[in-house]
Amino acid sequence: MNYKSETIFWKKKEFISFISSILVLFIHSYFAQDNVSTSFISIINQKFSFFFSRSITQFAVPMFFMLSGISFFKEYNNKKYLTKIKSRIYTLVIPYLLWNTVWMLWEIFGSYSFISKFSATSEQYPLTLASILKGIFFYGCNTPFWFVFDLIVFSFAAPVLFFIIRNKYIGIASVAFLSILSLFGICIPIDLFYYPMSIVFYLTGAIIGYHYFDFISRKSSKPTQITSIVFLSAYVLAKTIVPRELHISNYLIETIVYTIAAFSLWNIVDIFIERIKPRAIYRRSFAIYAMHLNVAIIILKILSLCVPQNEWLEIPKFIIMVVLTLIIINFVCTFLEKFFPKVYALFMGNRIKKHQ
């Protein structure tokens, strides 16, 4: 593989990770009421909210898992395990513990002070050893970090996963087998892993990274790009238009559809990726993932205090919340990066500079 192809791959990964992080922000921003009235604005709110939070977004986290699997298992062998783990200590474990601690302290402070109106819940955070350990080690106050928890587990289990995917046919068969097992309710334990199919997407990425990295790094052909646009458009259209009660919901179909959707986005980005100029905001995907939920909650709480409750204002509030969340996160990152670079590196994992 030539140097240009690999450079384009990392550029695509950075840009798609940024887009996916925004889609995750959308997932956690569903605002429509469950009970839909027949009024025009109520229906519009429902359609708008569903489109941005449940339609175009659902393959974002599977995309993250596949990209992580690709990155970890590119040119992997067990001799590199310790090097990889050392890298993940800095890029995953330390930021995971730091952010969980920050948001737990915020929750505690919010529970016992005047800013309780800006915290996620109105309940007081229990000051017990169990709740503190859960907050720090099991994302008790930072729910989106279930994803990082899974990545940490998969990273440390790399020798086992490598044993599965080292032979590409065994790896592909294992992914297919795990997907089929999900039809019978047999998945990784949901009491430990938030999303039972996360291992399937991660293994898919691992197989691609180890066996097909050269292929995934090449620019897709025009017919492939057109097919990807058609599929992704059809997927979003079907998700949006088909009534929710008619949606087919099982892990096997989700895995197939989300995988194809992720590949489609990857191919579509080929159309313009070489013309995209590097921007600092594209490096903020982890920061957006780490901060978006609690920052968005604070903004919504403030908007609720300042703006009267009105169905006609729900969509403007959603747009303002998304824009302000991204602006605030980018400002915090820029400030820390400039004045406290070592702190910034710890919290963000310093992940942009190295691709291990």
Side-chain angles (χ1 to χ4, degrees), residues 18 20-34 45-46 48-54 56-58 60-61 64 95-127 131-132 134-149 194-195 281 284-336 347-348:
F18 169 68
S20 298
S21 66
I22 294 176
L23 295 182
V24 172
L25 169 59
F26 287 162
I27 290 174
H28 296 141
S29 303
Y30 190 84
F31 63 84
Q33 299 295 322
D34 292 330
N45 283 342
Q46 187 76 21
F48 184 93
S49 187
F50 188 86
F51 176 79
F52 280 99
S53 300
R54 301 290 184 269
I56 63 173
T57 58
Q58 298 303 293
V61 175
F64 270 127
Y96 174 80
L97 296 175
L98 287 174
W99 280 113
N100 283 346
T101 301
V102 165
W103 291 124
M104 183 189 69
L105 292 175
W106 167 259
E107 197 67 31
I108 292 172
F109 182 60
S111 298
Y112 296 91
S113 72
F114 67 95
I115 64 167
S116 59
K117 63 181 67 175
F118 301 116
S119 61
T121 66
S122 57
E123 300 177 0
Q124 288 189 337
Y125 191 82
L127 294 176
S131 63
I132 290 173
K134 182 180 178 182
I136 296 174
F137 294 100
F138 294 98
Y139 52 87
C141 301
N142 192 22
T143 307
F145 262 32
W146 67 265
F147 165 75
V148 181
F149 176 85
Y194 188 88
Y195 184 42
I281 188 66
R284 310 299 193 206
S285 58
F286 185 82
I288 294 171
Y289 209 99
M291 289 189 272
H292 75 274
L293 183 60
N294 287 291
V295 172
I297 288 172
I298 294 168
I299 293 171
L300 283 175
K301 295 280 188 178
I302 293 173
L303 287 174
S304 297
L305 292 173
C306 300
V307 179
Q309 291 295 321
N310 189 309
E311 282 191 303
W312 289 93
L313 298 176
E314 291 302 315
I315 292 177
K317 281 168 62 177
F318 170 85
I319 295 172
I320 292 171
M321 180 274 295
V322 169
V323 172
L324 285 181
T325 298
L326 294 175
I327 289 174
I328 290 171
I329 291 173
N330 190 52
F331 173 80
V332 170
C333 288
T334 302
F335 178 82
L336 290 176
F347 273 86
M348 302 306 164

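None of the values given here were measured: they were computed from a predicted structure. For the numbers below, each heavy atom of this structure counts, side chains included, while hydrogens, waters and symmetry mates do not.
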Using distance only, find each side-chain donor-acceptor pair of residues 134-146 under 3.5 Å and give its atom names and separation, not counting sequence neighbours.
none

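- When atom types are taken as modelled, the side chain of N45 and the backbone of E311 share a donor-acceptor pair closer than 3.5 angstrom.
- In this structure, OG1 in T57 is found 11.0 Å from OH in Y30, a value given to the nearest 0.5 Å.
- Checking side-chain atoms of W99 against main-chain N and O of M291 turns up no donor-acceptor pair under 3.5 Å.
- Note that CZ of F50 and CD1 of I56 are 11.5 Å apart. Values are rounded to the nearest 0.5 Å.
- Residues I27 and Q58 are in side-chain contact: their nearest non-hydrogen atoms beyond the backbone lie under 4.5 Å apart.
- Annotation: the span from I299 atom CD1 to N294 atom CG amounts to 11.0 Å, rounded to 0.5 Å.
- For C333 against A287, the heavy-atom pair with the smallest separation is SG-CB, 3.3 Å.
- W106 CH2 to Y125 OH: the interatomic distance, rounded to the nearest 0.5 Å, is 15.5 Å.
- The shortest side-chain heavy-atom distance between Q309 and K317 falls under the 4.5 Å cut-off.
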Using side chain to side chain contact (heavy atoms under 4.5 Å, CB included), reason through F347 and L336 one step at a time and then give a plain yes or no.
CA-CA 10 Å; F347 273 86; L336 290 176; 5.7 Å; no
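- Open room surrounds OH on Y194; 12 or fewer heavy atoms of other groups in view lie less than 6.0 Å from it.
- Of all non-hydrogen atoms in P308 and L313, the two that sit nearest each other are O-CD1, 3.5 Å.
- With values rounded to the nearest 0.5 angstrom, I22 atom CD1 is found 11.0 Å from T325 atom OG1.
- Contact annotation: the side chain of R284 approaches that of T334 to within less than 4.5 Å [non-hydrogen atoms, C-beta and beyond].
- Note on ring orientation: taking the six-membered ring where Trp is involved, the planes of Y289 and H292 are perpendicular (angle over 60°, cut-offs 30° and 60°).
- Judged by distance alone, with hydrogens and angles left aside, the side-chain atoms of E107 form no donor-acceptor pair with the main-chain N or O of V102 at under 3.5 Å.
- Taken from CG in L326 to OG in S21, the straight-line distance is 7.5 Å, to the nearest 0.5 Å.
- Put simply, the side chain of L293 does not reach to within 4.5 Å of the side chain of W103, judged on heavy atoms.
- With sequence neighbours left out, S131 forms a side-chain hydrogen bond (donor to acceptor under 3.5 Å, both in side chains) with T128.
- Using bins of under 30°, 30° to 60° and over 60° for the plane-to-plane angle, the ring pair F52/F318 lands in the tilted bin.
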